[in-house]
Amino acid sequence: MTKVTLISGSTMGSAEYVAEHMAEILEELGHETNVQHGPELDSLPLEGIWLVVSSTHGAGDLPENIQPLAEEIANQSPDLSKVQFGAVGIGSSEYDTFCGAIQTLSTLLLDHGAKRIGENLEIDVQQHEIPEDPAGEWVKIWAVEL
Ligand SMILES: Cc1cc2nc3c(=O)[nH]c(=O)nc-3n(C[C@H](O)[C@H](O)[C@H](O)COP(=O)(O)O)c2cc1C
């Protein structure tokens with residue numbers, strides 16, 4: 001059993017639903033989960049497993065509710081070397097900046113010493129009307145590495 005902190009960045013709720021769906025699956029697999037939508041840095045454990053789920057808005061921008069966390073990490077430079085993370089993006093291939101936010105967030109975590117588990121998943125809402133479906137399949141494979 002592993003404890004997983006799920007962190008979502010969302011404007012209209014899709015990424016939140018995806019995070020909650022993956023948390024349910026992780027619980028079914030016997031893991032403990034804690035889902036935080038747009039958390040601040042001091043509410044997150046600076047060790048263990050994070051699963052970051054974010055949509056993209058503007059032109060490749062982070063959703064507003066996860067911008068404060070990204071700014072805190074960039075400004076305070078916490079040591080994230082004891083954090084391992086998975087990353088799931090939700091976006092639309094209509095935009096040149098497809099899934100830009102999860103790429104920005106992944107780079108930020110890696111730059112602060114966190115280690116990535118598995119490959120990032122980037123879900124295209126043009127292809128997946130229900131983003132929970134590919135996310136659910138992905139998290140089952142991702143969880144094997146926990
Ligand atoms: C104004 C606007 C800008 C967007 N910009 C991007 C973008 O730059 N890149 C991308 O991949 N998706 C973009 N999207 C698509 C959203 O990421 C997608 O609709 C997603 O499902 C929204 O999830 P949310 O409800 O969790 O915010 C944009 C959507 C809107 C409405």
Side-chain angles (χ1 to χ4, degrees), residues 2-29 31-46 48-78 80 83-146:
T2 305
K3 186 169 178 187
V4 182
T5 302
L6 292 100
I7 299 164
S8 77
S10 177
T11 51
M12 291 171 290
S14 298
E16 293 185 3
Y17 294 134
V18 166
E20 280 161 14
H21 181 66
M22 290 196 292
E24 277 174 28
I25 291 173
L26 288 167
E27 297 259 348
E28 282 167 16
L29 293 171
H31 301 294
E32 190 183 324
T33 63
N34 173 20
V35 185
Q36 299 203 29
H37 303 304
E40 296 195 358
L41 183 58
D42 64 10
S43 69
L44 294 173
L46 297 186
I49 312 287
W50 292 4
L51 180 48
V52 184
V53 187
S54 182
S55 63
T56 295
H57 277 273
D61 299 334
L62 272 52
E64 258 180 38
N65 74 336
I66 204 162
Q67 284 177 15
L69 175 64
E71 282 163 18
E72 285 176 310
I73 293 173
N75 295 335
Q76 297 176 24
S77 274
L80 300 181
V83 172
Q84 291 177 284
F85 72 98
V88 175
I90 302 170
S92 167
S93 55
E94 288 172 312
Y95 295 87
D96 292 343
T97 47
F98 174 60
C99 280
I102 201 67
Q103 294 161 11
T104 301
L105 289 164
S106 298
T107 303
L108 187 64
L109 297 183
L110 291 167
D111 284 350
H112 288 83
K115 290 163 200 72
R116 179 159 36 200
I117 302 175
E119 300 272 319
N120 284 14
L121 172 67
E122 295 184 351
I123 301 170
D124 182 2
V125 294
Q126 298 299 315
Q127 289 184 29
H128 297 281
E129 205 176 322
I130 303 174
E132 285 86 346
D133 289 346
E137 293 308 310
W138 178 91
V139 78
K140 286 177 200 161
I141 296 164
W142 182 77
V144 172
E145 296 187 48
L146 298 181

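Both counts, for ligands and for their atoms, begin at 1 and track the order of listing. As the structure is a computational prediction, the values presented were derived from the model and not from experiment.
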Determine, stepwise, if the pair Trp142 / Val4 fulfils side-chain contact (heavy atoms from CB on, under 4.5 Å).
-> CA-CA 12 Å; Trp142 182 77; Val4 182; 4.3 Å; yes
Going through the checks in order, is the side-chain contact (heavy atoms from CB on, under 4.5 Å) test met by Gln84 and Trp50?
-> CA-CA 6 Å; Gln84 291 177 284; Trp50 292 4; over 6 Å; no
Are Glu27 and Thr33 close enough, and set up right, to give a side-chain hydrogen bond (donor to acceptor under 3.5 Å, both in side chains), and what steps lead you there?
-> CA-CA 7 Å; Glu27 297 259 348; Thr33 63; 2.5 Å; yes
Start with the C-alpha gap between Glu20 and His37, add the side-chain angles, then the distance that decides, and say whether side-chain hydrogen bond (donor to acceptor under 3.5 Å, both in side chains) holds.
-> CA-CA 10 Å; Glu20 280 161 14; His37 303 304; 2.7 Å; yes
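With atom 21 (O) of ligand 1 as the reference point, the heavy atom nearest to it among Val125, Val18, Ile123 is part of Val125. The closest heavy-atom contact to atom 11 (O) of ligand 1, among the options Cys99, Gly9, Ala101, Ser55, comes from Cys99. Remark: among candidates Asp96, Thr97, Asn65, the nearest residue to atom 8 (O) of ligand 1 is Thr97, based on non-hydrogen atoms.
Looking at Tyr95 against ligand 1, only its side chain comes within 4.0 Å, counting heavy atoms. Contacts with ligand 1 closer than 4.0 Å are made by backbone heavy atoms (N, CA, C, O) of Ala59 only, the side chain lying farther away.
Every atom of ligand 1 with a heavy atom of Ala15 under 4.0 Å away is listed here by number and element: 26 (O). Within ligand 1, counting atoms from 1 as listed, the ones closer than 4.0 Å to a heavy atom of Ser10 are 24 (P), 25 (O), 26 (O), 27 (O). Close contacts of ligand 1 with Ile90, meaning ligand atoms under 4.0 Å from a residue heavy atom, involve 17 (O), 20 (C), 21 (O). With ligand atoms numbered from 1 in the order given, ligand 1 contributes 7 (C), 8 (O) to contacts under 4.0 Å with heavy atoms of Gly60.
Taken to the nearest 0.5 Å, the CD atom of Glu132 stands 7.5 Å off from the CD1 atom of Ile90. Note that CG of Leu44 is 7.5 Å distant from CD1 of Ile73, once rounded to the nearest 0.5 Å.
The shortest N or O to N or O distance between Gly91 and ligand 1 is not under 3.5 Å. When only interatomic distances are considered, the shortest N/O to N/O separation between Glu16 and ligand 1 does not fall below 3.5 Å. Considering backbone and side-chain atoms alike, Met12 places an N or O below 3.5 Å from some N or O of ligand 1. When only interatomic distances are considered, the shortest N/O to N/O separation between Asp61 and ligand 1 does not fall below 3.5 Å.
Nearest protein neighbour of atom 31 (C) of ligand 1, counting heavy atoms only, is His57 CE1, 3.8 Å. If you check which protein heavy atom lies closest to atom 16 (C) of ligand 1, you get Thr56 O, 3.4 Å. Atom 10 (C) of ligand 1 has its closest protein heavy atom at Ser92 N, 3.5 Å. Protein heavy atom closest to atom 5 (N) of ligand 1, with residue, atom name and distance, is Gly58 O, 2.9 Å.
By the 4.0 Å heavy-atom criterion, Gly13 is counted among the residues contacting ligand 1. Not a single heavy atom of Gly100 sits under 4.0 Å from any atom of ligand 1.
By the 6.0 Å contact criterion, CG on Leu110 is enclosed, its count of non-hydrogen atoms from other residues, nucleotides or ligands being greater than 12. With a 6.0 Å radius and a threshold of 12 heavy atoms from other residues, nucleotides or ligands, Gln67 has its CD atom above the threshold. In this structure, Asn75 places its CG atom where more than 12 heavy-atom neighbours from other residues, nucleotides or ligands lie under 6.0 Å away.
When every heavy atom of Lys3 is checked against every heavy atom of Ile49, the shortest pair comes out as O-CB, 3.7 Å.
Donor-acceptor pairing under 3.5 Å is lacking for the side chains of Ser93 and Gln126.
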